[in-house]
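For reference, positions follow the sequence shown, starting with 1.
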Amino acid sequence: MAKKKAASKKTTKKASKNKAAKKAAVRKTAAKKSAKTAAKSSTKKAASKAAGRVRRASGRKVVKKPAKAGKMVYYFGKTKTDGDATMKTVIGGKGANLADMTSIGLPVPPGMTITTDTCAKYNDAGNKMPHGLMNEVAKNMATLEKEMGKKFGDKKNPLLVSVRSGAAVSMPGMMDTVLNLGLTDDSVQALAEATGNRRFAYDAYRRLINMFGDVVMGIDHEHFEHAFEEIKVRYHAEDDTDVPEEGLVELCERYKEVYRKHTGDVFPQNPFKQLELSIEAVFKSWDSPRAKSYRRISGITGLNGTAVNVQAMVYGNMGETSGTGVAFTRNPSTGENKFYGEFLINAQGEDVVAGIRTPLPAIEMKKWNNKVYEQLMRIKTKLEKHYKDMQDIEFTIEDGKLYMLQTRTGKRTGAAAVKLACDMVKEKLIDEKEALLRIPAGDLPQLLLPRFDETKKSVARVLSRGLPASPGASVGKPAFTADEAVERAHAGEDVILVRKETSPEDVDGMHSAVGILTSTGGMTSHAAVVARGWGKCCVAGAGDIQIDAKAGMFTVGGRSYTGSECIWSDALTG
């Protein structure tokens, strides 16, 4: 009996232990589930906060569509299109819009986009290219080659590509574009034979060596510019387009010497090496001082990196039937419903934005090629109906055929934001609630921009006239470099930044100055676009002014002006 009781007690204790173990297991499982749910909730909250930051920075709602696990490259073209307009946080604004334009049937050269997460991986790994990236790029390049019927950097029928950056939020000039990647000493000959245009082929090659050397390898652009000026003098050429074929062949050799001198190496003759170094340059540009400055000034936070867009080249520099342009579907300064753009004949894209040559107004395209102009007007209407907002577009005409290279929501002044919102409500593109969201509170003070008294202005001495690139009025003393503008502005001085043209390196100086004046460039130049976005007074393309930045002076009308003399600029009239 005693034995039975002892056995019974043992059994009861064992059952009790088992029960307790089961309860503990249930509690552990519940804790795991709870932790998992909390982690998911935390991730969702973090993603929601990040998306909110993107929405606030861009002024438009951004819906985040997740990237496919492990996928680093998204293709766009007639063969297939992996991305769409909802994926701005994954493939950047430019990549998402390229995919979207392709999907709605616009003439977009095919290509691929490397994700913003891949950029973050590069930076997190201490500037090391993610494992397997270039294999994935090569796989997508094979698809691109098949679609284009050409081989990348081929010695017989070469496919060339461009490389551009593109974050989720538009950041003008974060990294300059690199065009014509894939050209080598061998493929330039093949391009000349394939097109029957040797001058065009060497013009494309000299541009690549210059852009690659400057943007990717960090060689000061002035070294290339100096070599080009010597060639122009030798061949009695006033403009770049006046340099003859033999001059461009010679220029390519001079550029390669500049490259070798400043890098200690020869210009890369392996197309995929050119591409890899260019992709890496885009990743590095995310943390460059100018990109950080732009994000700080514009209040852009919460983004993990930039995407990289690799796109098949189309050529605006093939002669008098080719060209390139930049435009806004409406006037970004006033909001007027009038196509507002500029173009250059026989040029490549960066020529317009950089302000190297002063472009022609888009309306003059009618005289040059009315068929292309009418097609562009139809695309303008289609884009506005699709995106329900003013668009900033880039396009190229290759031998009379139009291609769309980019669309994005256009930056605008405060006054333009109000008019655009009101007009688009009347046109039933947006409702009143959306219209109110389209006018950032920080832009409203721009409606109170300073103006000169017309009576007093009528008796003032006018030194030069340019283009009214960004409205307002400014009075200050000339500063000839961005660093000088920052230093003098911090000391309490009002300065006007005076440059031949501005570049992304100048953003701190542009922001510190009360006004901006350039001697070249137009209404869609870097200076104009950035100034408008900040509500900063800017006069562009004042061609009478000769600027000597090193000497700290500009000359106009036979007289020189230094940084100690006060000048004024009226960007309402130019």
Side-chain angles (χ1 to χ4, degrees), residues 172-173 290 293-294 296-299 332-334 355 411-417 440 442-454 456-457 460-523 525-542 544-545 547 549 552-554 556 561-574:
R290 73 192 194 190
S293 293
Y294 189 90
R296 185 191 74 247
I297 292 164
S298 302
S333 292
T334 65
K411 293 193 177 297
R412 63 207 69 182
T413 62
D443 285 2
L444 293 176
Q446 291 182 30
L447 299 175
L448 307 173
L449 286 171
R451 294 168 178 252
F452 287 114
D453 181 286
E454 291 300 318
K456 292 179 180 177
K457 194 176 83 169
R461 184 184 173 200
V462 178
L463 301 179
S464 179
R465 290 188 183 276
L467 300 167
S470 182
S474 62
V475 178
K477 294 178 180 179
F480 296 93
T481 68
D483 290 342
E484 181 191 353
V486 170
E487 187 179 332
R488 289 171 62 185
H490 283 174
E493 203 173 347
D494 286 340
V495 296
I496 294 175
L497 182 63
V498 180
R499 303 282 284 160
K500 182 181 178 184
E501 73 259 357
T502 65
S503 69
E505 285 87 356
D506 296 323
V507 290
D508 273 329
M510 294 169 75
H511 192 255
S512 299
V514 296
I516 300 159
L517 171 64
T518 68
S519 60
T520 61
M523 305 288 269
S525 64
H526 176 266
V529 172
V530 173
R532 269 197 301 274
W534 289 338
K536 186 84 63 177
C537 169
C538 176
V539 173
D544 297 335
I545 294 174
I547 300 166
M553 60 188 283
F554 71 84
V556 62
Y561 297 82
T562 66
S564 63
E565 298 177 77
C566 195
I567 61 172
W568 58 270
S569 66
D570 184 356
L572 289 170
T573 61

Handout entry: Glu487, CD: over 12 other non-hydrogen atoms inside 6.0 angstrom
Key =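 Atom CD in Glu487 is not crowded, with 12 or fewer foreign heavy atoms closer than 6.0 Å.
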Practice task
With rounding to the nearest 0.5 Å, note down the distance linking CD in Glu501 to CG in Asp506.
Solution key: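 If we round to the nearest 0.5 Å, Glu501:CD and Asp506:CG are 9.0 Å apart.
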Would you say [X]'s side chain and [Y]'s backbone share a donor-acceptor pair under 3.5 angstrom?
| X | Y | answer |
| --- | --- | --- |
| Lys536 | His511 | yes |
| Lys500 | Ala549 | no |
| Arg532 | Ala469 | yes |

Exercise for the section: List in chain and number order the residues that pass side-chain contact (heavy atoms from CB on, under 4.5 Å) with Ala479, two or more places apart in sequence or in another chain; answer none if no residue qualifies. Expected result: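 Ala479 satisfies side-chain contact (heavy atoms from CB on, under 4.5 Å) with Glu484, Ala485, Arg488, Val495 once adjacent residues are dropped.
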Using a 4.5 Å cut-off on heavy atoms from C-beta on, say whether the side chain of [Y] contacts that of [X].
| X | Y | answer |
| --- | --- | --- |
| Val475 | Cys566 | yes |
| Arg296 | Asp508 | yes |
| Ile516 | Thr502 | yes |

Can you name the nearest heavy-atom pair linking [X] to [Y], along with the distance?
| X | Y | value |
| --- | --- | --- |
| Ser333 | Ala415 | O-CB, 4.4 Å |
| Glu565 | Thr562 | OE2-N, 3.1 Å |
| Val486 | Ser512 | CG2-OG, 3.6 Å |
| Ala482 | Glu505 | CB-O, 4.4 Å |
| Val507 | Ser293 | CG2-CB, 3.9 Å |
| Ala531 | Cys538 | CB-CB, 3.6 Å |

Handout entry: Test side-chain contact (heavy atoms from CB on, under 4.5 Å) applied to Ile545 and Thr518, Leu517, Leu463, the passing residue
Key =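 Considering Thr518, Leu517, Leu463, a side-chain contact (heavy atoms from CB on, under 4.5 Å) with Ile545 is found only for Leu517.
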Exercise for the section: Can you run down the side chain to side chain donor-acceptor pair (under 3.5 Å) pairs that involve residues 464-482, sequence neighbours left out, and say none if there aren't any? Expected result: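 Of all non-adjacent pairs touching residues 464-482, those that pass side chain to side chain donor-acceptor pair (under 3.5 Å) are Ser474-Ser569.
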Practice task
For the residue pair Phe554 and Phe480, categorise the inter-ring angle as parallel (less than 30°), tilted (30 to 60°) or perpendicular (more than 60°).
Solution key: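 Tilted: the ring planes of Phe554 and Phe480 meet at 30° to 60°.
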